[in-house]
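Within every chain, numbering begins at 1; the chains are lettered A, B, ... in the order of the sequence lines, protein sequences first and strands thereafter. The structure presented is a predicted model; accordingly, all values stated were derived computationally and were not measured. Atoms considered below: every heavy atom in the structure, side chains included; atoms not considered: hydrogens, waters and symmetry mates.
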Number of protein chains: 2
Amino acid sequence: MTTDQLTTWELGLIGLGHVGGGVLRILRDSKQLLASEYGVELVVTAVAELGGGAADPRGLDLDAVLAALEARRPVAELPAIGRPDLTGVALAERFTPHIVLEATPVNVSTGEPALSHVRAALAAGSHVVIANKGPLALAYGELSALARLPSGRLPDQGAGGARPELRFSACVGGALPVINVGRRDLAGCQITKFEGVLNGTSQSILRAMESGLDYREALAQAQARGIAEADPSLDVDGLDAACKLVITANAVLGAGACLSDVAITGIAAVSQADLRAAADSGRRLVPLALAEPDGGSWRLTVAPVQLEADHPLARLTADEMGAVFCAGTVDRLSMASQEPTAVPAAAAMVRDVLDIARTRPLRPSRLDPAGSKPRQQRRARGEAHAHAR
Amino acid sequence: MTTDQLTTWELGLIGLGHVGGGVLRILRDSKQLLASEYGVELVVTAVAELGGGAADPRGLDLDAVLAALEARRPVAELPAIGRPDLTGVALAERFTPHIVLEATPVNVSTGEPALSHVRAALAAGSHVVIANKGPLALAYGELSALARLPSGRLPDQGAGGARPELRFSACVGGALPVINVGRRDLAGCQITKFEGVLNGTSQSILRAMESGLDYREALAQAQARGIAEADPSLDVDGLDAACKLVITANAVLGAGACLSDVAITGIAAVSQADLRAAADSGRRLVPLALAEPDGGSWRLTVAPVQLEADHPLARLTADEMGAVFCAGTVDRLSMASQEPTAVPAAAAMVRDVLDIARTRPLRPSRLDPAGSKPRQQRRARGEAHAHAR
């Protein structure tokens, strides 16, 4: 493939935290790889966070945006490109990027503001790549009607036709390919069980407790290392894992579940005695998310559970997440991902973008009525940027 | 999706050993699942093995074929459907199924007879799903010119356009999704290392030796359990793992490698002292297939290697295979599959068939000039079958 065949996709990014910043860094650093190995140019035309955004229809200067993020300054204050009034919804409605990336913080009560961002982007005809679990855990059914979103094992084209894509592989364990493996690599299999260690913070805390810390000490250590939030409740209470379980159950198992269907027990009550009891019987206590058949439906549970020591999820290290599918014809397929930072989740968003670019036609940009700019033109633009710096 | 939308794909299967028989069993037992969840009907019109085959353009009676296999009788002797003169090449040329499945025994010197089967099927315009590593390990370049076969990270459509598909996910670790995860789930990542335990027999023998057996005893035990062949050389000499490594390096890393590029050391010289030495330093000796960057290329090695005890491949059980990708933005993504039988490899062939059915249009069958039969017609046929029994 030569560079003449490059296609240019315009991206808009909402949410500039660890994951969003990671996406911008990957896009900045992977230009050459994406061009030579995937034949695409990914141009970020707008970004938005709480307090405003930045935009440049010719493609934002990612170095400038990243410098603002690293200095913890609002991108809205950036000279020339800063847009104090740019909200996430406005980004989706005004700039209509080919693909909107949603990476705002999770809210498991309302799904907001992400849910409004996703609705606005889909209504404008943009594809969406989301790392925020809230909208899918709370409104999977509604979003299925608006976007091409998998429901159970039906082939993708059965689930939406010409609708925009809604990709979410980053939502369940970051780079851990739970959704993709469950849908594609177990195609044709009768899945009989799904098990996951889907919350990295809980896994890290239980493993630290094995080295002698009590729960409070292990939590404090995880907070000091930046693994646990100041308010760790979403993680340690099991809600984060429950969201991921609901999304997996809907996308892979066709469970049609929502968050209230999950029986949830967090890890805050786990004692060292519990961990010792597990070890004494040759087992290990892990923060397990479990989907088991229950009549014609699926029973969904999140709780600390003892597993045999050679179970794939009992073998995980403190900074790994993991998942296991059991199926009639595939005994036990497991996976694990070591994710000490948010970078793998950012990489998962980029893989979703590339899969959309690989499988969907590029629609003409509203900002550029002639459609995708030929490479020649974009090069000239790049030069203009260089002069401006 | 209603049954009215079923599309019917005609399959031809060459090779009726453990994997081929497993495919037939899955197809027989999964009719309902494939119809309701994937909207397809998979009809086997012809099968071939050494010594002849069987064919029925209306769809073979799989119970009859499987009964012959279970009784170790040639399918060519089956009443009405047996075809003593039906070779693999003849199956591909005369029946031109939509998809030819190749599951004959591996030959790593010539790739035959599989290579001829694949060439004949592709020349006739059939898609091919292959479980036999030989042709891809020996003739990846030639086959890339004939079929849509991935080379490195380029998007699939760049690698063949309207050419027939050649799918081979069963070739590298059966149900273990090495190729799919490497290409799709690490899209956009700069892969820095690939490691695999890709030969189940070698893994099983080294783990058995840890319980006190010497190499000969562990091999004999594996042979008694049906895990090792009477002639185990392909497995224990490292050639099987080397074939899988070459295929992964070509399909995922774009290495353009062939079998002679791999430095191979088998496990026959491993002693209990070697295993103890590993254990004494907190490590484990595993039969490792490794691809590492080497200047602008990749260095490929198969050998028993000590790995840290918490390395994902050191944590595998005796009946697991596994693989690990390291990449710049995805620290370490690992997977493992428990495969005590050939059934998971058969399931991998079915997943490849379903992926072709999902992504490629159904061409009109030569046997049925009207194209895919509507569901109504096939139901009538099924009833006729039932009467015939």
Side-chain angles (χ1 to χ4, degrees), chain A residues 1 5 22 25-26 29-30 33-34 37-40 152-158 169 174-177 180-181 184-190 254 310 312 315 317 319-320 322 327-341 343-344 346-348 350-351 353-355 357-359, chain B residues 1 5 22 25-26 29-30 33-34 37-40 152-158 169 174-177 180-181 184-190 254 310 312 315 317 319-320 322 327-341 343-344 346-348 350-351 353-355 357-359:
Chain A
M1 180 169 291
Q5 290 171 284
R25 244 168 251 117
I26 291 172
D29 300 341
S30 308
L33 177 82
L34 297 176
E37 303 204 1
Y38 298 88
V40 296
R153 317 299 300 284
L154 285 175
D156 290 340
Q157 64 264 46
S169 80
L176 194 71
N180 290 349
V181 168
R184 288 167 330 205
D185 298 309
L186 293 173
C189 299
Q190 189 82 53
D310 66 352
R315 302 178 329 213
T317 62
D319 55 1
E320 279 182 321
T329 49
V330 171
D331 267 44
R332 189 182 74 188
L333 183 59
S334 63
M335 66 199 96
S337 178
Q338 183 169 271
E339 311 216 355
T341 69
V343 175
V350 174
R351 89 178 158 210
V353 167
L354 290 174
D355 206 47
R358 187 177 70 81
T359 54
Chain B
M1 183 168 289
Q5 291 171 283
R25 245 168 251 117
I26 291 172
D29 299 342
S30 308
L33 177 81
L34 297 176
E37 302 203 1
Y38 299 88
V40 296
R153 317 299 300 285
L154 284 174
D156 290 341
Q157 63 262 45
S169 81
L176 194 71
N180 291 350
V181 168
R184 288 165 331 202
D185 297 309
L186 293 173
C189 299
Q190 189 83 53
D310 66 352
R315 303 179 326 215
T317 63
D319 55 1
E320 279 182 321
T329 48
V330 173
D331 266 44
R332 189 181 75 189
L333 182 59
S334 63
M335 66 199 95
S337 177
Q338 183 169 272
E339 310 216 355
T341 70
V343 176
V350 175
R351 89 178 158 207
V353 166
L354 290 174
D355 205 47
R358 187 176 69 83
T359 54

Open item on the list: As an exercise: rank A/P344, A/A336, A/S337 by heavy-atom pairs under 4.5 Å with chain B and give me the winner.
Closed with: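 Max contact count across the listed options: A/A336.
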
Open item on the list: Let's test your reading of the structure: which of A/P177, A/G22, A/A347 forms the most heavy-atom pairs below 4.5 Å with chain B?
Closed with: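 Counting heavy-atom pairs under 4.5 Å, the top option is A/P177.
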
Open item on the list: With a 4.5 angstrom heavy-atom cut-off, is it the side chain or the backbone of A/L333 that approaches chain B, or both, or neither?
Closed with: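 Looking at A/L333, backbone and side chain both touch chain B.
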
Task: Under 4.5 Å from any heavy atom of chain B - which part of A/D355 - done: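 No part of it gets close to chain B.
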
- [ ] Applying side chain to side chain contact (heavy atoms under 4.5 Å, CB included), name anything that partners A/R184, two or more places apart in sequence or on another chain.
- [x]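 Partners of A/R184 under the side chain to side chain contact (heavy atoms under 4.5 Å, CB included) test: A/N180, B/R184, B/D185.
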
- [ ] Would you please name every residue forming a side-chain hydrogen bond (donor to acceptor under 3.5 Å, both in side chains) with B/R332, sequence neighbours left out?
- [x]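 B/R332 satisfies side-chain hydrogen bond (donor to acceptor under 3.5 Å, both in side chains) with A/E320, A/Q338 once adjacent residues are dropped.
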
Open item on the list: Would you compute the distance between atom CG of B/D319 and atom OG1 of B/T341 and round it to the nearest 0.5 angstrom?
Closed with: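 Answer for the CG-OG1 pair, B/D319 versus B/T341, is 10.0 Å.
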
Open item on the list: Measuring from atom CZ of B/R315 to atom OG1 of A/T317, what distance do you get when rounded to the nearest 0.5 angstrom?
Closed with: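 Here the interatomic distance stands at 6.0 Å.
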
